[in-house]
There are 2 protein chains.
Amino acid sequence: MVATLGTRARILDVASRLMMRQGYEGTAIKQIATEAQVALSSVYHFFPGGKQGLATEAVRHADEHFAQMLQDALASKDDPAEAVVALAWVVAEYLRDSDWQDGCPITATALETVGRIPEIQQAVEVAFERWRGLVADKLRRSGFAEADAQELAHTVINTLEGAELSAQVSRTPEPMEIAGRHLARLINSYR
Amino acid sequence: MVATLGTRARILDVASRLMMRQGYEGTAIKQIATEAQVALSSVYHFFPGGKQGLATEAVRHADEHFAQMLQDALASKDDPAEAVVALAWVVAEYLRDSDWQDGCPITATALETVGRIPEIQQAVEVAFERWRGLVADKLRRSGFAEADAQELAHTVINTLEGAELSAQVSRTPEPMEIAGRHLARLINSYR
DNA sequence: GTCTATAACGAGATAGAC
DNA sequence: GTCTATCTCGTTATAGAC
């Protein structure tokens, strides 16, 4: 499957995976080239913007990937509160299956570069907005008021974000389970 | 004030501040030495454990500093829900005052090193546990059941953590305000 | 404890042949 | 588009004088 990907796509895949685990500064282009099985010069051929340009596109790549997962999880349940619990579960399994290595694909890069590399920061902002938009949509379609839906979307994404980090550090799914339950309770308190 | 600090303390201060903004991999020991106005060799003199050892102690240093702030903010209000709102506000002001540069002092380092540098990961885990403990204490003293207090403490810390990142990326206090309101609502739903 | 100097290595990035 | 080779710089870390 990976072998059928084009060179450019393979580079992006490997780059986003490595930056998820090691961050932007901790990931060398040489390592990306090696793991993607391409020559170093090929990376610069496809990404003339250098490391910053590559990282920016890797964030966009991860954004789309994560948004797809988010959308699928939310669509698995009709009730929005149940859907958020399902989402928390999916993420928890994803975490455990990777031995607590793979969390949010862009957080590490975001934290290292915020206020320092505008190009990357903007890609992160776009991603967060998209993810919140998907959650807000789900709530809106279930009859939630516009303002409530938008505010709840903020907290759903932010709480899951924090819980993911906590789960990674403690190597237990508990923070994700608690987050799912509390978010469902919060959502249900608005109707 | 900074000038009156001992050399070792000054190194820790600068190290934790820089690692908060740039992460572990993005912070060079040379930069720490320069900004702390000490010789490079002095850093290795005080921290023979090298960069990993220094980072571990920097996390512990930031832990204590942040715990103090947390405790003060929580103590500013008698009611636990109001106290959490106050905490969110204090953090939001701290963020804005630093032009959205200074968020949680250990998150960036945590994400880069989780699953890769056990020494640092453990210091992060201890910090998170301490912070949760302070919130749980506040709730317990207000009559919340033990289990509820512990679970709520998880979500309070995790939600603030995620909201901080969101506020930094979007450069607005809105995520913190929403987080404060939602957390208060969640807490109040338990009594 | 702090100074200067430097070793050993890996980083980002580029050149030019093919 | 990919190969090999290389440049330049910054990194962690250490040595030895003072």
Side-chain angles (χ1 to χ4, degrees), chain A residues 2-59 61 108-109 112-113 116-121 123, chain B residues 2-59 61 108-109 112-113 116-121 123:
Chain A
V2 169
T4 68
L5 259 53
T7 303
R8 202 190 120 99
R10 219 164 57 242
I11 293 171
L12 277 182
D13 238 44
V14 169
S16 61
R17 202 190 72 234
L18 288 177
M19 287 184 186
M20 164 170 64
R21 298 187 175 197
Q22 310 170 342
Y24 172 77
E25 302 282 358
T27 302
I29 295 186
K30 212 173 267 189
Q31 187 187 10
I32 295 171
T34 302
E35 297 206 10
Q37 289 178 297
V38 303
L40 178 63
S41 63
S42 298
V43 176
Y44 285 96
H45 172 76
F46 284 108
F47 301 94
K51 193 179 184 182
Q52 295 191 4
L54 169 57
T56 304
E57 300 220 43
V59 167
H61 182 76
T109 297
E112 284 174 317
T113 61
R116 298 170 57 233
I117 307 181
E119 184 186 5
I120 297 176
Q121 175 169 354
Chain B
V2 168
T4 65
L5 258 52
T7 303
R8 203 191 119 99
R10 218 163 57 242
I11 293 170
L12 276 182
D13 239 43
V14 170
S16 61
R17 202 190 71 234
L18 288 177
M19 287 184 186
M20 163 170 65
R21 298 187 176 198
Q22 310 171 341
Y24 172 77
E25 301 282 359
T27 302
I29 296 186
K30 204 176 271 186
Q31 187 186 10
I32 295 171
T34 302
E35 297 205 10
Q37 289 178 298
V38 303
L40 179 63
S41 65
S42 298
V43 177
Y44 285 95
H45 172 77
F46 285 107
F47 300 93
K51 194 179 183 182
Q52 296 191 3
L54 170 56
T56 304
E57 299 220 43
V59 167
H61 182 75
T109 297
E112 285 174 317
T113 60
R116 298 170 59 232
I117 307 181
E119 185 185 5
I120 297 176
Q121 176 168 354

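Proteins get letters first, then strands, A, B, ... in listed order; numbering begins at 1 in each.
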Quiz item: In Å, rounded to the nearest 0.5 Å, how long is the span from CD1 of B/Ile120 to CE of B/Met19?
Solution: 7.0 Å
Quiz item: Does B/Tyr24 offer a backbone N or O that forms a donor-acceptor pair with the side chain of B/Thr27 under 3.5 Å?
Solution: no
Practice problem: Starting from C1' on D/dG10, measure out to NZ on B/Lys30 and report it in whole angstrom. | Solution: 6 Å
Quiz item: What residue pairs, at least two apart or across chains, pass salt bridge (charged side-chain N to carboxylate O under 4.0 Å, His left out) with a residue in residues 29-51 of chain B?
Solution: B/Arg17-B/Glu35
Exercise. List in numerical order all residues of residues 32-42 of chain B for which some heavy atom is under 4.0 Å away from an atom belonging to DNA chain C.
Key: B/Ala39, B/Ser41, B/Ser42
Quiz item: Can you tell which of D/dT14, D/dT11, C/dG1 lies closest to the side chain of B/Ala28?
Solution: D/dT11
Quiz item: Applying the side chain to side chain contact (heavy atoms under 4.5 Å, CB included) test to B/Phe46, which of B/Thr7, B/Leu54, B/Val38 qualifies?
Solution: B/Thr7
Practice problem: Quick one: closest heavy-atom pair of B/Ile32 and B/Val14, and the distance? | Solution: O-CG1, 3.8 Å
Quiz item: Starting at NZ of B/Lys51 and ending at P of D/dG10, how long is that distance when rounded to a whole Å?
Solution: 15 Å
Exercise. Would you mind telling me which residue lines up with the more 5' stretch of DNA chain C, A/Pro48 or A/Gln31, judged by nearest nucleotide?
Key: A/Gln31
Quiz item: Rounded to the Å, how far apart are B/Ile29 CD1 and C/dT6 P?
Solution: 21 Å
Practice problem: Rounded to the nearest angstrom, tell me the gap between atom CD1 in A/Ile11 and atom P in D/dG1. | Solution: 12 Å
Quiz item: Does a sphere of radius 6.0 Å around CD in B/Gln37 hold more than 12 heavy atoms from other residues, nucleotides or ligands, not counting ones at 6.0 Å or beyond?
Solution: no
Practice problem: Calculate the interatomic distance between A/Glu25 atom CD and D/dT12 atom P; express it in whole Å. | Solution: 11 Å
Quiz item: Taking NE2 from A/His45 and P from C/dA13, how many angstroms apart are they, rounded to a whole number?
Solution: 17 Å
Practice problem: Give the rounded distance in Å between these two atoms: CZ of A/Phe46 and C1' of C/dG12. | Solution: 19 Å
Quiz item: What is the distance, rounded to the nearest whole Å, between atom CZ of B/Phe47 and atom P of C/dG1?
Solution: 13 Å
